*Asks:* 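Got a structure here, written out as structure tokens. Questions coming.
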Amino acid sequence: MFSSHQIHNGNVICESQSRVRTTLKFKARVLVFNIDIPITKGFPIDLHYQTVNEPAVISRLISTHSKSNGQVLKSKPRCLTKNQVALIEIKCERAICLELFKDSKSLGRITCRYGGNTIAAGMVIEIT
């Protein structure tokens, strides 16, 4: 049993047979919102995931995709600008509990913030 003093924001309680995965890196498909500066490799973000707020870095820009059909438009883009859909890799400073969007819709969503503004939101595609 757990006491209320042991459980904090961001903790996940699960059964020992089906544990939630923890990771430092994962891939996400995101929609970039109306931003002033382009997002590049190494861009620092505040990752918001449920009640967790963790510092993170966009470690890789993998590809950009069409909004309508998801088809790959460009592999290894140099930067992301407003209203683009992209597959990116995010690296967190500390391990966080994540689920894939296909497995759990509520636990597979993320938001990326920078300077107090939301710059992108999306879903977890792959946990590495």
Side-chain angles (χ1 to χ4, degrees):
M1 272 324 240
F2 294 98
S3 75
S4 61
H5 300 291
Q6 295 173 311
I7 302 171
H8 306 286
N9 282 348
N11 290 146
V12 177
I13 299 174
C14 58
E15 296 194 25
S16 59
Q17 296 84 10
S18 59
R19 292 187 177 167
V20 175
R21 292 180 267 185
T22 60
T23 187
L24 289 171
K25 286 194 322 187
F26 63 95
K27 292 179 183 172
R29 179 169 291 132
V30 297
L31 170 63
V32 179
F33 297 141
N34 192 9
I35 57 175
D36 295 329
I37 56 174
I39 297 172
T40 58
K41 178 182 172 182
F43 196 86
I45 59 169
D46 289 325
L47 178 69
H48 288 258
Y49 167 76
Q50 295 292 329
T51 60
V52 176
N53 178 13
E54 282 294 320
V57 171
I58 296 176
S59 57
R60 244 174 69 192
L61 303 177
I62 300 167
S63 58
T64 58
H65 297 258
S66 168
K67 280 186 187 179
S68 58
N69 60 13
Q71 185 178 8
V72 175
L73 297 176
K74 185 175 183 181
S75 293
K76 298 182 182 179
R78 288 180 154 213
C79 65
L80 302 176
T81 56
K82 62 182 172 183
N83 298 322
Q84 283 189 313
V85 174
L87 182 61
I88 62 174
E89 183 179 75
I90 298 174
K91 184 174 182 185
C92 301
E93 288 185 7
R94 295 187 310 170
I96 60 171
C97 296
L98 279 177
E99 284 290 328
L100 297 175
F101 183 77
K102 67 177 185 171
D103 296 336
S104 174
K105 303 254 186 269
S106 62
L107 294 176
R109 291 188 176 109
I110 61 159
T111 305
C112 303
R113 294 178 58 88
Y114 176 76
N117 297 317
T118 302
I119 60 169
M123 55 189 135
V124 178
I125 301 298
E126 182 183 325
I127 298 172
T128 55

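Since we're looking at a predicted model, the values are computed, not measured.
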*Asks:* Would you indicate whether the side-chain heavy atoms of Lys105 and Met123 approach each other to under 4.5 Å?
*Replies:* no
*Asks:* In Å and rounded to the nearest 0.5 Å, what is the CG to CD1 distance from Asn83 to Ile35?
*Replies:* 9.0 Å
*Asks:* Check whether any side-chain heavy atom of His48 sits under 4.5 Å from a side-chain heavy atom of Asp46, and report yes or no.
*Replies:* yes
*Asks:* Take a 6.0 Å sphere around CG of Asp36 and say whether it holds more than 12 heavy atoms from other residues, nucleotides or ligands.
*Replies:* no
*Asks:* Taking a hydrophobic cluster as the set of Ile, Leu, Val, Met, Phe, Trp and Tyr residues connected by side-chain heavy atoms closer than 4.5 Å, whether directly or through intermediates, do Ile127 and Ile90 fall within one such cluster?
*Replies:* yes
*Asks:* Do Leu61 and Val32 land in one hydrophobic cluster if side-chain heavy atoms of ILVMFWY residues count as linked below 4.5 Å?
*Replies:* yes
*Asks:* Could you state whether Leu87 and Phe33 fall into the same hydrophobic cluster, counting links through intermediate Ile, Leu, Val, Met, Phe, Trp or Tyr residues with side-chain heavy atoms under 4.5 angstrom apart?
*Replies:* no
*Asks:* Following the transitive rule for hydrophobic clusters with a side-chain heavy-atom cut-off under 4.5 Å over Ile, Leu, Val, Met, Phe, Trp and Tyr, establish whether Ile119 and Phe26 coincide in one cluster.
*Replies:* yes
*Asks:* Give a yes or no on whether the backbone of Leu73 and the side-chain of Thr64 come within a donor-acceptor separation of less than 3.5 Å.
*Replies:* no
*Asks:* Give a yes or no on whether Leu80 and Ile125 share a hydrophobic cluster (residues Ile, Leu, Val, Met, Phe, Trp, Tyr; joining criterion: side-chain heavy atoms under 4.5 Å apart).
*Replies:* no
*Asks:* Any side-chain to backbone donor/acceptor pair from Gln50 onto Ser106? Under 3.5 Å, distance only.
*Replies:* yes
*Asks:* So does Lys25 get a backbone contact from the side chain of Thr128, meaning a donor-acceptor N/O pair under 3.5 Å?
*Replies:* yes
*Asks:* May I ask you to test the Ile110-Val124 pair for a side-chain heavy-atom distance under 4.5 Å?
*Replies:* yes
*Asks:* If you look only at pairs with a residue in residues 114-127, which of them pass as a side-chain hydrogen bond (donor to acceptor under 3.5 Å, both in side chains), with sequence neighbours excluded?
*Replies:* Arg113-Thr118
